[in-house]
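Input: a single structure, listed below in structure tokens.
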There are 2 protein chains.
Amino acid sequence: MTNILIADDHTIVRLGITIIIRDMLPKVYIRDVDNFDLALKEMAKRHYDLIILDINIPGGDNLQMIDVLRLRQPKIKILIFSAYDEELYALRYLQAGADGYLVKHSSEHEIKTALHQILNNEKYLSSNIRQHLVNGNVKTRPTGNPLLALSNRETEVMQLLIKGSSVADISKTLHLQLSTVSTYKTRIFAKLEVSNIIELADTVRMYSNN
Amino acid sequence: MTNILIADDHTIVRLGITIIIRDMLPKVYIRDVDNFDLALKEMAKRHYDLIILDINIPGGDNLQMIDVLRLRQPKIKILIFSAYDEELYALRYLQAGADGYLVKHSSEHEIKTALHQILNNEKYLSSNIRQHLVNGNVKTRPTGNPLLALSNRETEVMQLLIKGSSVADISKTLHLQLSTVSTYKTRIFAKLEVSNIIELADTVRMYSNN
DNA sequence: CCAATTTGTAGTAATGGTACTACAAGTCAT
DNA sequence: ATGACTTGTAGTACCATTACTACAAATTGG
């Protein structure tokens with residue numbers, strides 16, 4: 001018997017996923033919850049084969065969730081289901097140990113493919129992401145936290161940036177030329193693959209324990 | 001015969017809504033689209049009684065959508081279906097002419113109530129919003145949520161800003177001059193007493209449950 | 001209902017930020 | 001120990017954003 005847990009705060013989404021699963025696999029046991037704590041409680045009660053997890057789930061937020069889940073049930077399959085751009089986040093979640101990353105506008109067919117593959121012990125990658133990997137657009141980086149790729153000076157600048165400092169502020173604080181700070185900023189954006197301060201802040205939040 | 005159009009970019013959400021409607025009203029005609037232009041094209045082909053509209057739909061620029069829709073089909077009922085905090089946005093949409101505002105985490109029962117009321121020519125207000133109206137909370141600006149001090153257009157710009165859009169991006173999205181967007185940005189910063197995007201994002205996060 | 005304020009819109013000059021380039025010193029793997 | 005990146009630093013020309021100004025229409029307070 002297959003047990004599936006759906007964790008998403010939108011009722012409609014839980015309903016939609018439930019329908020899709022029932023349509024593919026009429027006999028599975030499905031439970032759905034609308035926040036991360038309930039997901040953990042549910043996992044304490046019963047073994048699950050798969051959890052479908054919205055990365056925006058209240059009480060969860062960010063990559064840490066994956067470790068938390070695996071700590072409870074090491075063999076659970078984790079399918080991330082997100083409204084966020086996969087190019088930005090998919091690899092991070094996969095590297096953190098997720099089994100697949102699906103965007104919410106995926107077609108029904110795509111969703112079924114993902115579920116199918118994951119339940120058959122394969123990883124799921126959208127063709128888009130596979131393409132990226134093939135093109136080497138994403139250097140198969142030595143796993144883990146991209147924040148670690150920042151040099152010391154870059155890290156200092158990054159910290160000021162996510163506190164809202166301007167390039168000019170930073171240049172005064174660190175006694176550097178504007179152009180120097182600007183270079184760091186460019187390098188930080190490149191290393192973390194972000195293109196604006198909001199994404200930078202999100203990414204840093206995602207990789208730092210709070 | 002009742003015709004219903006669902007405009008939402010998440011396949012799952014369209015599917016979920018479809019299921020709910022079919023369950024209530026087995027005989028209605030339902031069409032679903034994933035962006036605003038397609039919604040308009042669809043409306044050119046056929047008369048619709050109701051459109052269920054995600055405010056984040058690609059190609060739509062927020063409040064204006066309502067007028068655009070009404071221009072095509074003056075009698076269409078408009079139900080806004082949004083992931084955003086209703087306290088912040090519901091009234092703006094209702095005042096702009098929507099017939100109801102539903103948040104995406106509403107229960108299936110609540111969704112059915114909304115659909116039912118609207119199809120029966122009533123407006124739909126969540127009990128939460130009704131409460132607000134009764135308490136006259138709407139006008140009393142000074143205390144309370146500073147986000148409510150933003151005008152409609154300012155709110156649209158604010159939302160794009162906290163998603164990481166640049167002034168230039170926003171000017172394209174909303175079809176405004178750069179200088180206009182810039183003026184809005186300045187006014188938003190002043191009203192919320194922030195001085196950079198990070199503070200803006202923090203403030204907005206702090207005052208919305210979303 | 002009239003005056004004051006807010007809102008929606010935009011131009012223009014000035015300021016701030018980025019892209020691209022550069023280079024010496026440091027580190028690393030072979 | 002040598003060639004290949006990385007790091008720390010900066011100049012400059014160009015692109016993006018802001019400050020300030022403006023004004024008509026809508027809204028609001030009294």
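The figures that follow rest on heavy atoms only: side chains count, while hydrogens, waters and symmetry mates do not. If you're wondering where the values come from, they're calculated on a predicted model, not measured in any experiment.
Rounded to whole angstrom, the span from the CG atom of A/N152 across to the C1' atom of D/dT6 amounts to 12 Å. Summarising the geometry, the separation between CG on B/L161 and C1' on D/dT17 is reported as 12 Å, rounded to the nearest angstrom. Between the CD atom of B/Q177 and the P atom of D/dT17 there is a distance of 14 Å, given to the nearest Å. In this structure, B/L176 atom CG and C/dA10 atom C1' are separated by 10 Å, rounded to whole Å. Between the CD1 atom of B/I170 and the P atom of C/dG8 there is a distance of 15 Å, rounded to whole Å. Distance, A/E154 CD to D/dT6 P: 11 Å, rounded to whole Å. As a whole-Å value, the separation of B/F189 CZ from C/dG16 P is 15 Å. Counting to the nearest Å, the P atom of C/dG17 and the OH atom of A/Y184 are 17 Å from each other.
Under the 30°/60° scheme for interplanar angles, the aromatic rings of A/Y93 and A/Y101 are found to be tilted.
With hydrogens and angles ignored, a donor-acceptor pair under 3.5 angstrom links the side chain of A/S179 to the base of D/dG11. A donor-acceptor contact under 3.5 Å links the side chain of B/R187 to the base of C/dT9. Judged by atom type and distance alone, A/T183 does not reach the base of C/dA19 through any side-chain donor-acceptor pair under 3.5 Å. Not a single donor-acceptor pair, N or O on each side, falls under 3.5 Å between the base of D/dA10 and the side chain of A/S182.
Out of C/dT7, C/dT18, C/dC20, the shortest distance to the side chain of B/S151 is found at C/dT7. The side chain of B/T180 sits closest to C/dT9 out of C/dT9, C/dG8, C/dG17. Proximity note for A/R153 (side chain, C-beta onward) versus D/dG8, C/dA10, C/dG17: the nearest is D/dG8. When distances are taken from the side chain of A/K185 to each of D/dT17, C/dA10, C/dT18, the shortest belongs to C/dT18. Taking only side-chain atoms of A/V167, from C-beta outward, the nucleotide of C/dG17, D/dA19, D/dT9 with the closest atom is C/dG17.
When the shell of 6.0 Å around CZ of A/F189 is examined, it contains more than 12 heavy atoms from other residues, nucleotides or ligands.
Using a cutoff of 4.0 Å between basic side-chain nitrogens and carboxylate oxygens, B/D202 and B/R205 are scored as salt-bridged.
Closest heavy-atom contact between B/D54 and B/S82: OD1-CA, 4.4 Å.
A donor-acceptor contact under 3.5 angstrom links the side chains of B/R153 and B/Q64, judged on distance only.
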